[in-house]
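One structure is given below, encoded as structure tokens.
We name chains A, B, ... by the order of the sequence lines, and we start the count at 1 in each one. Any value given below was found using the heavy atoms of this structure, including those in side chains, with hydrogens, waters and symmetry copies removed.
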Amino acid sequence: MNQNIKFIQGNEACAEGAIYAGLDFFAGYPITPSTEIAEHLAARLPQKAGKFIQMEDEIASMCAIIGASLTGHKVLTATSGPGFSLMQEALGYAVMAEIPCVIVNVQRGGPSTGIPTHVSQGDVNQARWGTHGDHAIVTLTASNHQDVFATTVEAFNIAETYRTPVILLFDEVVGHMREKLVIPEPGEIATVERLRTSVAEGVDYHPYLPREDGRLPMSDFGHVHRYNVTGLYHDMWGFPSDNPDVVHGLIRHLVDKIENNVNEIALYKELYLDDADYILISYGSSARSARHVIETLRPRGERIGLLELQTLWPFPADIVREKCRNAKYIVVVEMNMGQIRQAVQMAVDDPDRVFLANRIDGVFITPRDIRKLLRVIVGKGV
Amino acid sequence: MGIGYNTIAFHADKCDGCGKCVTECARVHSQTDNPAHSRIHVAWDDKAKWAGLALCRQCGEPDCVSACPAGALVKDAYSGVVFWDENRCVDCHLCTLACGYAGIVCNPETGRVVKCDMCNQDPACVKACPREALEFKKGAQLFNQWGDLEDLVVPGLSSCLGCNSELVVRHTLRRIGPDTVVATPPGCVAGVGAVGVNGITSLKTPVFHPLLTNTASMLAGARRYYNRIGRDVTMLAFGGDGGTADVGFQSLSGAAERGEQMIYLCIDNEGYMNTGVQRSGTTPYGSWTSTTPVGKALKGKTRDAKPMPLIMVMHGCEYVATASTAYMDDYYAKLDKAVKAAKHGMAYIHIFSPCPTGWRFPPKLLIEAARTAVQANLVPLWEYEHAKGDIEFTYSPEHHIPVDEYLKLIGKYRHLDQEQVDYIQKKADRNIAQLNKFTLHQEITTGG
């Protein structure tokens, strides 16, 4: 029997994906429904000579991984809505100081303490705009455990490639559901290692001077090169600066390095889109119900297709516009009050085609719910 | 509510049949050591190592009293003791037949009956027992004093079997009364229904369910408002150990420094039990939790618990105390002082709260765990009054038991090796030594 087949929770699949990607430092704080990631890594990381720390809160967790990442480790923290709120200031710091790190937010109902053990996808815009100031951010999600594993690996790859924090936005259903996971053999999924500087010891190293391809090689903090790290606007040496050119240049760099690579970062799956009159756009656990609707209705001759987004931010607007060009109805299936619906409306040519099929009551959206709403939207029994 | 009486409890497993209680009883009542004059008798089976006690139970509805034709036996309503009037007794000995416990028997020397009178609420037999097999239970005083106060927690909480937190909440609110604003952040107390769910709630006071990060700050805001409008309301926080020592520490520290008027109660079950047993800042060394696992590489938590009560003393709180539910009279006395202190500043009580679910021990051992931890000096009971400026022990740590006696009860310590047990013993001794430095009135030696 294949030893790599596991029957586990999505949270554990995420933890395993992180280990596959080369995670060797985790700092976190218990919060439902993400705690299993910490619990799993508390046992798994010491076996791999990695480091697990339970911190006193989420602020500390986020800051600890920033510190560890600077010294050359692949790092992760996991939390849920309230903890994610506490992390926002430090998340902005990681954006500003360009520190690769991965933050998992297993979403529960919000705002505030909300509905801790129930499902929601309400943190989509928080992931985008939770920290203050103009910035770009990468947010990935997944609907099944195999994808949870793969996107977790991808999150580390993107974090290392673009020197950016990456948010993994799962939800309670994906986190707590148990299903099969086949752990790929080493090398089966490509992993990106940290790009370290080739500047020799004793030679000036510029931590914030991009190469020609835009990437910034890193030097393990406190190792052979002396440099400064700050959340202030800074120049190529990492020294604080209020020079307008430097400030303008840095913010453009921080935003452009992500926004200019939307299509490289964009992950999505499609089903029957070629001839679809109706397109369901969904992501995370609600995409499972959307997929079920499509697999039920297609054999009956309904021209319905699915676009499952795995990259939420930067929003793959071009891809969405292209895929939805010929659709009569675009129905966004999500468990919030239309956070991605808004992004889709801004992306497509004729936004009046865009509708929302959602649930916001802490209950998982079922295929039946979606079909009921489709009847209302389309005006006939599909 | 009725009235409760003190009673003499017998721990058969601790008795070795030495008979010192019998001799002492005879001595006190007849100035001889003739066991015939004793009101207490012990049947000892040396082969089976079994002890049986023959002593008056001071029954609620005593059969001896109803059997007596002369009215010589009367149950005293105040003390609960069944008294025998030798002048009225007609020596029919019907009472000895009526009693099912051999609690009233005939003295062969005098031909008259003898029975226990509890030595005017100070039984000599209990003091004579060298193995503490006899214990004088005085909990009745507590019941009589507080039993009639309203229980502000309704029955039917969804807490785990043997939950100590529920016990703490019930007793605390019973003492502090209904004119209270309760704040409890996310955690077990909120989770079992203190905040309520689906239209029902368990507390009869207003409940403030703040965030885990800032219980003390939110209460401070409410308190300042009440001060402004001149209403005397007690602000009471039930914080868990995580919400107190970890994530909520910053707000608690700030509130203590500003001298906010509130009672902050930390129910310390040594971990994040509500999210499934993760370690916290107050989890003691060696504990198994889901984030301090036990395996080849790790053997439970490697760090000591944060000494929250001492930290709060250093903040200059009006009143700081530690407590354990095994010593309820002690706890009630401390609550009295806390209520008074909270009118001037912060009163902080750190209550030890064993958790059968998270610590992996049978619920029936809850109070036993709460008691042995105190006796082993792992949870020293003391209080600090700012006006006095020193720490006073409320339970003498002088005659302590080895920590092993406590550790072996608790499943989360099952994996400990001798080295770890030795470390915990040393730590306990050191803690007492450290506390001694803060005491002015007592100098207590520990160890050998």
Looking only at heavy atoms, the pair that brings A:Glu39 and B:Ser290 closest together is OE2-OG, 2.6 Å
Are more than 12 heavy atoms, taken from residues, nucleotides or ligands other than B:Arg360, located less than 6.0 Å from that residue's CZ atom? yes
Suppose we screen for ring pair (Phe, Tyr, Trp, His ring centres under 6.0 Å). Which residues come up paired with B:Tyr285, at least two apart in sequence or across chains? B:Tyr423
Engaged part of A:Thr35 at the chain B interface, taking heavy atoms whose separation is under 4.5 Å: side chain
Mind ranking A:Ala42, A:Pro82, A:Pro33, A:Ala43 by heavy-atom pairs under 4.5 Å with chain B and telling me who comes out on top? A:Ala42
Most chain A-contacting option - heavy-atom pairs closer than 4.5 Å, from B:Leu298, B:Thr292, B:Asp246: B:Asp246
Would you find more than 12 non-hydrogen atoms of other residues, nucleotides or ligands less than 6.0 Å from A:Arg178 atom CZ? yes
For chain B, find its close neighbours in residues 44-54 of chain A: heavy-atom separation under 4.5 Å, sorted by number, or none. A:Pro46, A:Phe52, A:Gln54
Among residues 103-128 of chain A, which ones touch chain B with a heavy-atom distance under 4.5 Å? A:Ser112, A:Thr113
To the nearest 0.5 Å, atom OH of B:Tyr272 lies from atom OG1 of A:Thr32 at 12.5 Å
Part of A:Leu86 lying under 4.5 Å from any heavy atom of chain B: side chain
Heavy-atom pairs under 4.5 Å with chain A - which of B:Leu211, B:Thr291, B:Thr213 has more of them than the others? B:Thr291
For A:Pro30 and B:Gln278, which heavy atoms make the closest approach, and how far apart are they? CB-OE1, 3.3 Å
Over 12 non-hydrogen atoms of neighbours within 6.0 angstrom of CD in A:Glu56: yes
Within a 6.0 Å radius of atom CD on B:Gln250, are there more than 12 heavy atoms belonging to other residues, nucleotides or ligands? no
Which residues, numbered in order, of residues 6-19 of chain A come under 4.5 angstrom of chain B by heavy-atom distance? none
Tell me whether B:Arg258 at atom CZ has more than 12 heavy atoms from other residues, nucleotides or ligands lying less than 6.0 Å away. yes
